[in-house]
Amino acid sequence: MEAKDLMTGCLYRVNEDVCLPKGTIVVIRGIDADNRFPERHLIGSATCLPVNSEDEFTYGVWVEYLEPIPLAPEILEKMGFKRDPLWHHCDKDLDNYSISVQLGYANRIEYIEIKEKCKDDFVPSKRTKLYFTHIEYVHQLQQTMRLLGIEKEIIL
């Protein structure tokens with residue numbers, strides 16, 4: 001990964017035993033894209049808070065040692081999505097939005113549909129439908145929801 005791929009508040013996984021054990025899920029609290037360790041060819045670091053940290057102590061992790069977390073139906077279910085195995089999709093109703101995830105072969109996400117709820121469903125110009133197709137990772141879903149103003153915590 002590169003520093004430009006990170007976003008504060010998003011979840012990633014540590015992929016090497018560094019100051020945190022490999023496999024630790026972290027929330028990005030800060031990004032320093034200019035930090036360098038030339039001897040090891042490392043560029044960019046992130047301030048990371050381990051999920052479920054009791055002491056809330058943050059750690060500096062080189063960007064190269066972070067990886068995205070694949071988005072799986074099990075993660076969606078932990079977030080409160082209701083699964084319909086017959087139709088291969090998961091749905092979630094929020095205050096102002098409805099999110100529907102279409103699952104394909106091997107439970108891969110084919111697309112995510114986010115509909116803005118409106119009081120007058122008979123006025124098509126007031127109803128918004130957005131399709132997002134290439135969401136494969138947890139941080140991509142977080143970024144999409146953040147851009148739409150949807151505040152929903154992702155539970156792993």
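These numbers come from the heavy atoms of this one structure, side chains and all, not from hydrogens, waters or symmetry mates.
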Applying ring pair (Phe, Tyr, Trp, His ring centres under 6.0 Å) as the test, list every pair that has at least one member in residues 7-39; sequence neighbours left out. Tyr12-His139
Going by the rule ring-ring contact (aromatic ring centres under 6.0 Å, His included), which residues pair with Tyr59 if we only count those two or more places apart in sequence or in a different chain? Phe57
Can you tell if the side chain of Arg146 reaches within under 4.5 Å of the side chain of Met7, non-hydrogen atoms only? yes
4.5 Å side-chain heavy-atom contact, Ser53 and Asp55: yes
Between Val138 and Pro70, which heavy-atom pair has the shortest distance, and what is it? CG2-O, 4.1 Å
Nearest 0.5 Å, please: how far is CG in Leu66 from CD in Glu16? 11.0 Å
Rounded at 0.5 Å granularity, tell me how far CD in Glu136 sits from CD1 in Ile69. 14.0 Å
Please check: side-chain N/O of Gln140 versus main-chain N/O of Tyr137, any donor-acceptor pairing under 3.5 Å? yes
Determine, step by step, whether Thr47 and Val61 satisfy the side-chain contact (heavy atoms from CB on, under 4.5 Å) criterion, reporting the C-alpha distance in whole Å, the side-chain angles of both residues, the deciding distance to 0.1 Å, and the verdict. CA-CA 6 Å; Thr47 302; Val61 178; over 6 Å; no
Looking at CH2 of Trp62 and CG of Leu42, how far apart are the two atoms once the value is rounded to the nearest 0.5 Å? 5.5 Å
Co-membership, hydrophobic cluster, residues Val63 and Ile43, 4.5 Å side-chain: no
Contacts table for residues 22-36: side-chain donor-acceptor under 3.5 angstrom, sequence neighbours left out:
residue: Thr24; atom: OG1; partner: Pro21; partner atom: O; Å: 2.7
residue: Asp32; atom: OD1; partner: Asp34; partner atom: N; Å: 3.2
residue: Asp32; atom: OD1; partner: Asn35; partner atom: N; Å: 3.3
residue: Asn35; atom: ND2; partner: Ser45; partner atom: OG; Å: 2.9

